[in-house]
Amino acid sequence: MAETVPVRCPACRREHRYTAPAYPCVCGAPVAPRLDRDGPATPVSHRVWQDDWVTVRCGSCGRHGEWPRPEVGCACGVVLRVAVVEGPGSTGQAAAGDGSGTAAAQGPETDEDATAADQDDQQGPTHQDNQQGPTHQPDQPGQPDRPRDAATVAAEARPARPPFPSVTIRTARDAVTATALYLRWLGYRGVRRADQRPPSGIGLAARGVVAQVDPAVHPATLRDVECLWLTAMTESADCLYFSLAGYADDARARADSLGVPLFVLDLTGTPRPVNAPAETLAATGAGQRAP
């Protein structure tokens, strides 16, 4: 079961009962940071990207994942940051009870950890394929071999990804969290807040890509798409756009001509591709996208 701790507001002295939310690891196990019962809650006066996230190691697979730091809003208007148990090599609590430990504040997932995790994922299916032999069945006699394009061959050679673990969207921060998780699910590493702030929405960046999250209630405009594309050009990176309210018709047409993948975030937290570049990226992942 997820851990519940009392949290007292230092401004009005109200006491709240807070339960840490569980987030799904890429292996499928639910992971939650371990809360510090003796640590005081800290009011949030201003936000810093590094302080809004905490690194937790999955007790099932050992991966380090970066999740939103626990917070609770008080009725007096103060936002409280809940204390977590910190320590080197600490492990997050599994919500299903299959692991326990402490939450780590070790910074973003390192490239070495990501590379080792990818190698572990790829070695398993490859070893099984060597034992079972080739899975391709020869064509029936009298039928010529059908040519297959490069995208089909690459998709078959790439290990199958687990289903995307969605996060329910209630606030703008939830939309950013869902987008960050989706970027990782696509295969992008080192997801962080973008150095250059977009004209609207919230910017995220990872190795080789910049993404814009638009939690506004109006559709994204042509200018929004073009500004994101120009930002990506200056950084020699790909770009992705995520919107809660969809896109204007001229924005979608411009994105198609520029090759910008467009996604719509529904309230369940699952990004839905709305144009051809986005459908290709969702099907093949970041590793198979053409330069």
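Model, not experiment: these values are computed from the prediction.
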*Residues two or more places apart in sequence or in another chain: which of them pass ring-ring contact (aromatic ring centres under 6.0 Å, His included) with Phe263?*
Tyr182, Phe242
*How close do Thr4 and Thr19 get, heavy atom to heavy atom, and via which atoms?*
OG1-OG1, 2.6 Å
*Could you state the interatomic distance from CZ (Arg192) to CH2 (Trp53), rounded to the nearest 0.5 Å?*
13.5 Å
*Single-linkage hydrophobic cluster, 4.5 Å side-chain cutoff, Val5 and Val78 together*: yes
*Taking atom CG of Leu240 and atom CG of Leu228, what is their separation to the nearest 0.5 Å?*
8.0 Å
_Side chains of Pro40 and Pro10, heavy atoms from C-beta outward: is any pair under 4.5 Å?_
no
*Donor-acceptor pair between Asp224 and Thr221 side chains, under 3.5 angstrom*: yes
_Is it the case that the side chain of Asp174 and the backbone of Val167 share a donor-acceptor pair, with hydrogens and angles ignored and the cut-off at 3.5 Å?_
no
*So, do Asp36 and Val84 sit near enough that their side-chain heavy atoms are less than 4.5 Å apart?*
no
*In chain order, what residues pass the salt bridge (charged side-chain N to carboxylate O under 4.0 Å, His left out) check against Arg252, with sequence neighbours excluded?*
none
*Please examine the side chains of Pro6 and His16, heavy atoms only from C-beta on, and report whether any two atoms are closer than 4.5 Å.*
no
*Please answer whether the main-chain N or O of Ser200 pairs with a side-chain N or O of Gln212 as donor and acceptor at a distance below 3.5 Å.*
yes
*Co-members of Val79 in a cluster of I, L, V, M, F, W and Y side chains, linked at under 4.5 Å*: Val44
*Between Thr270 and Ser166, which heavy-atom pair has the shortest distance, and what is it?*
OG1-CB, 3.2 Å
*Nearest heavy-atom pair of Pro70 and Tyr18: which atoms, and what distance?*
CB-OH, 3.3 Å
*asked:* For Ala282, is there any backbone N or O sitting under 3.5 Å from a side-chain donor or acceptor partner on Trp185?
replied: no
*Could you grab the distance from atom CD1 of Ile169 to atom CG of Leu265, nearest 0.5 Å is fine?*
4.5 Å
*Rounded to the nearest 0.5 Å, how far apart are CD of Glu15 and SG of Cys9?*
11.5 Å
*What's the spacing between Glu279 CD and Thr284 OG1 if we round to 0.5 Å?*
11.5 Å
*Under the 3.5 angstrom rule, does the side chain of Tyr241 hit a backbone N or O of Tyr247 as a donor-acceptor pair?*
no
*Minimum heavy-atom separation for Pro261 to Leu281, with atom names?*
CG-CD2, 4.3 Å
*Just by modelled atom types, is the Asp256 backbone N or O under 3.5 Å from a matching donor or acceptor in the Asn275 side chain?*
no
_Shortest non-hydrogen contact from Arg193 toward Gly203_ = CD-O, 3.2 Å
_Arg173 side, atom CZ; Ile202 side, atom CD1 - distance, nearest 0.5 Å_ = 10.5 Å
*Looking only at heavy atoms, which two atoms of Cys76 and Ala11 are closest? And how far apart?*
SG-CB, 4.4 Å
*asked:* I'd like to know whether CZ of Arg170 has more than 12 heavy-atom contacts from other residues, nucleotides or ligands below 6.0 angstrom.
replied: no
*Are Leu267 and Val264 in one and the same hydrophobic cluster, where Ile, Leu, Val, Met, Phe, Trp and Tyr link if side-chain heavy atoms are under 4.5 Å apart?*
no
*More than 12 foreign heavy atoms under 6.0 Å from CZ of Arg223: is that the case here?*
no
*Cluster question for you: counting only ILVMFWY and a side-chain heavy-atom cut-off of under 4.5 Å, with indirect links fine, are Phe164 and Leu183 together?*
yes
_Flag side-chain contact, heavy atom, 4.5 Å: Val260 against Leu262_ = yes
